[in-house]
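Written out below as structure tokens is the structure these notes cover.
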Amino acid sequence: DSEIATVLRVKGLLEFRCQLDSTDEQLVRNVISRTFETLRSQVKSESCVLAVSDSPVIIWPNKDAYATPEEITPSTLCEDMHQWIQADEQESSGKKSSKKKSKKSSMSVINLCLMTEVTKPGPLSAPILTKTVLKSHFVNVTLPLDCVVCTGRSNTIKDACEQLIEALTHQLCEMEKVTLQNMKGMTLLVPEPVHFLLPEPKGLVTVVYPVGVPDSQLVAQRKELHEQFELPDDRPYFRRANAYHFPNEPYKDGYLRNPHLALTHPTLDNGKVYLVQGIYSYHHYMQDRVDDNGWGCAYRSLQTICSWFQQQGYVERPVPTHKEIQQALVDVGDKQASFVGSRQWIGSIEVQAVLGHLLGLTSKILFVSQGAELASKGRELANHFLTEGTPVMIGGGVLAHTILGVAWSETTGQIRYLILDPHYTGAEDLQVITDKGWCGWKGPDFWDQTAYYNLCLPQRPKVI
Amino acid sequence: MSKVTFKITLTSDPRLPYKVLSVPESTPFTAVLKFAAEEFKVPSATSAIITNDGIGINPAQTAGDFICSYGMCF
């Protein structure tokens, strides 16, 4: 059984300051390197302090892990730190589900803040000030340090401190490299760490990217990373949108992510569960101050699909609004201009056309002439979730839904569909959405047995 | 003006009748759809054309562009 890892995440701001007396490139580079070396010494010095967030715990990592309060010793286990942390019970972004719904997460995160002791007791001496008049460039940048370290069950505070200091020093080296690489004359770009969660066993990896350089200009770096970590070269892992979202951080936009993770999946005889891969947002009726009750279901399903492509890093464009979707259909010649602003329904074919026109995506269309035949599409849907793993939009019988997965048995043919229902009109309440089945597993009788259904299966572009 | 040729099968009819259509390569695909629908005597507003392996078509493409992405070009 894999142990629940405790991840220590230390964040902090370090002031990068240096004086450039010459514009000679090599001299400038030397000064920059020396300044980074100073910061590295600062991190390794006794004035470096780590404060555990939401707790009274403060640790001096370079003083043999001396800590306050005094109950904490260098040999205290990292996982015992949780007792000292006061978790914030009320979350501002939507009501979280009660304890019984919280899934066994494989990672618990302890946040720490990097600080520097500015004063310390020492011999008193009179300060000396000198004034020199000289023209020079002064560089002043705030570096956002952000390191993660995984600790095991038996790791003590002392071990953790060593790992954290090493991680911080290493990150400063990476930042130095990125800063020097992206130097243009006298302009420096701020180096920014981004965390990515790679498939097991690689886990969390941190990459330093220059702020302001778009993903499209970082292809060479991503290629190198893919090689280094032996990742397939046909899907993105290191675009900024792929950044790992830590469990204790709420999403600023307020949409729920992956509500299906709160469900228990069905077990069928000899059956397997095939699910959507990655992260999507739940889009449904009445969101964004748009009253689309009764007509917007396919639009919402399309928005869920767009959110998937955005969060997996394939597109930067934000999720389109109803009007933008309608305008796209007019632009490709599928609808007349009067369509924009109307409450007309759209179907899978329109969804496919919009995904193509706005996001540049290809989609496959499946159809059944009778809902009863959907059960026979088990293998195809299973294969879709295995290879593409994108959410599927299904329209027919006057309703549109999103299929997030199937549970299918190759031997018995039994099938269940994981449905995300865009007809929900309530608030982003995970408890209600899962309890009332707005996101839930449905049987083959969920479909209108005599109606014609079209399905839109979006395909991943083969890029990194 | 060169022409491109499509074999279009009507899947809503269990007999799977098909027609072979030739259109100038600059024809926008919406026109190909209209033409095919007329030939099959089905309403074009509720019809769509997809490839054999289910890939949907961008209606804004021309027949020539489409053939080069998914069909055989010489």
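In the text below, chain A, chain B and the rest are named by the order of the sequence lines, each starting its count at 1.
- Crowding of B/Asn52 atom CG: a count of heavy atoms from other residues, nucleotides or ligands under 6.0 Å not exceeding 12.
- Partners of A/Ser363 by side chain to side chain donor-acceptor pair (under 3.5 Å), not counting sequence neighbours: none found.
- In this structure, chain B has no heavy atom under 4.5 Å from any part of A/Leu366.
- Annotation for A/Lys364 and B/Ile55: closest pair CG-CD1, 3.7 Å, computed over non-hydrogen atoms.
- Inspection of non-hydrogen atoms places A/Ala353 of residues 353-360 of chain A under 4.5 Å from chain B.
- Contacts between residues 440-464 of chain A and chain B, defined by a heavy-atom separation under 4.5 Å, are made by no residue at all.
- Contact annotation for B/Ile50: only side-chain heavy atoms (C-beta onward) come within less than 4.5 Å of a heavy atom of chain A.
- Around CD of A/Glu316, the count of heavy atoms belonging to other residues, nucleotides or ligands within 6.0 Å does not exceed 12.
- Heavy atoms only, all atoms of each residue included: A/Gly333 and B/Thr30 are closest at O-CG2, 3.8 Å.
- Residue pairs satisfying the side-chain hydrogen bond (donor to acceptor under 3.5 Å, both in side chains) criterion with at least one member in residues 381-405 of chain A, sequence neighbours excluded, are listed as follows: A/Ser301-A/Thr402, A/His384-A/Thr390.
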